[in-house]
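Throughout, residue positions are numbered sequentially from 1 according to the sequence presented. It should be emphasised that the depicted structure is a prediction, and the values quoted were computed from it without experimental measurement. In each ligand, atom 1 is the first atom listed, and ligand 1 is the first ligand listed.
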Amino acid sequence: MASVSCDNKQESELKLKLKLYSYWRSSCSFRVRIALNLKGLKYEYKAVNLAKGEQFSPEFTELNPIGYVPVLVDGDLVLSDSFAILLAANIISSSVQPLQNLATLKCIEEKISSDPDVKLAWAQHYTKKGFVALERLLKDYAGRFATGDEVYLADLFLAPQIHAAIKRFNVDMTQFPLLSRLNEAYNEIPAFQDAMPEKQPDTPLASAS
Ligand SMILES: N[C@@H](CCC(=O)N[C@@H](CS)C(=O)NCC(=O)O)C(=O)O
């Protein structure tokens, strides 16, 4: 019995070794949640409420001085950028997500207009601009997934951005048939489903279970 409980203890310590600082709606965290799920890696979910500004708390900025999620902590190793965790899918990461990030939208609200429609139009504009480019770029490469018939890095970046476009920014996806088809494929995979914002422990959405 003693050795069993010791094994169990080791197992639970191992499970708790990985900690993901995440926010339910964060597309950058969503990328990493998919990757961890695909790898079958269990992690402790550490919720950082971006809407309440918890990313600027001293405890969090100790881990990531720029105040962004995700942060993955593996023992003594702290990885504070989804690129470092996953490598690249550049259009989403450089030309779409930063332009619809909470920090950008807040700046527009403070410096340009407090009308929520202005923020929404901005987010829609840059999302569509990126999606138009992606539809063209992926047309000769896509299979079931973005770059073939296997899930690869581009899919980890695309799925969260398409999800945000639909659920958060109300983008008309009929203009993007290829991305819509990819989104349907993502929605069938458990690793993607379990990483979705509405399934996270910190989601305020009623559908959370
Ligand atoms: N390059 C970073 C970007 C991280 C990032 O922009 N995170 C967003 C959530 S998706 C965030 O924490 N935003 C907080 C804010 O805007 O204050 C990465 O890929 O991890």
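- Distance from atom 8 (C) of ligand 1 to its nearest protein heavy atom, with residue and atom name: N101 OD1, 3.3 Å.
- F60 and Y21 have tilted rings, their planes meeting at an angle from 30° to 60° on a 0 to 90° scale.
- More than 12 heavy atoms of other residues, nucleotides or ligands lie within 6.0 Å of CG in L77, so this atom counts as buried by the packing criterion.
- At the top of the distance list for atom 16 (O) of ligand 1, counting protein heavy atoms only, stands A103 N, 2.7 Å.
- At distances below 3.5 Å, not a single donor-acceptor pair connects side-chain atoms of R144 with backbone N or O atoms of D149.
- In terms of modelled atom types and a separation under 3.5 Å, the side chain of Q161 and the main chain of F157 share no donor-acceptor contact.
- Looking only at distances, a side-chain donor or acceptor of E135 sits under 3.5 Å from a matching main-chain atom of L178.
- Against a heavy-atom cut-off of under 4.0 Å, S82 is close to the following atoms of ligand 1: 18 (C), 19 (O), 20 (O).
- Protein heavy atom closest to atom 10 (S) of ligand 1, with residue, atom name and distance, is C28 SG, 2.9 Å.
- Among protein heavy atoms, atom 9 (C) of ligand 1 sits closest to S26 OG, 3.4 Å.
- Closest to atom 17 (O) of ligand 1 among all protein heavy atoms lies Q55 NE2, 2.8 Å.
- Which parts of ligand 1 touch S27 is read off a 4.0 Å heavy-atom cut-off, strictly below it: atoms 10 (S).
- Residue-environment remark: OH (Y45) exceeds the threshold of 12 foreign heavy atoms within 6.0 Å.
- Under a 4.0 Å criterion applied to the non-hydrogen atoms of R31, ligand 1 contributes the atoms 19 (O).
- Remark: the Y68 side chain and the D81 side chain contain no N/O donor-acceptor pair separated by less than 3.5 Å.
- Looking at R25, E198, R168 one by one, the single match for side chain to side chain donor-acceptor pair (under 3.5 Å) with H163 turns out to be E198.
- Ligand-side atoms of ligand 1 in range of L102: 15 (C), 16 (O), range being under 4.0 angstrom from any heavy atom.
- Ligand 1 places these atoms under 4.0 Å from at least one heavy atom of Q97: 5 (C), 6 (O), 10 (S).
- In terms of polar-atom proximity, defined here as any N/O pair under 3.5 Å, P70 makes no such contact with ligand 1.
- At the shortest separation from atom 7 (N) of ligand 1 among protein heavy atoms lies V69 O, 2.7 Å.
- For D140, the CG atom counts as densely surrounded, since its 6.0 Å shell holds more than 12 non-hydrogen atoms of other residues, nucleotides or ligands.
- In terms of protein heavy-atom proximity, atom 2 (C) of ligand 1 is closest to D81 OD2, 3.4 Å.
- The protein heavy atom nearest to atom 11 (C) of ligand 1 is Y68 CD2, 3.5 Å.
- Looking at K106 against ligand 1, nothing comes within 4.0 Å, counting heavy atoms.
- Remark: the D115 side chain and the S113 side chain contain no N/O donor-acceptor pair separated by less than 3.5 Å.
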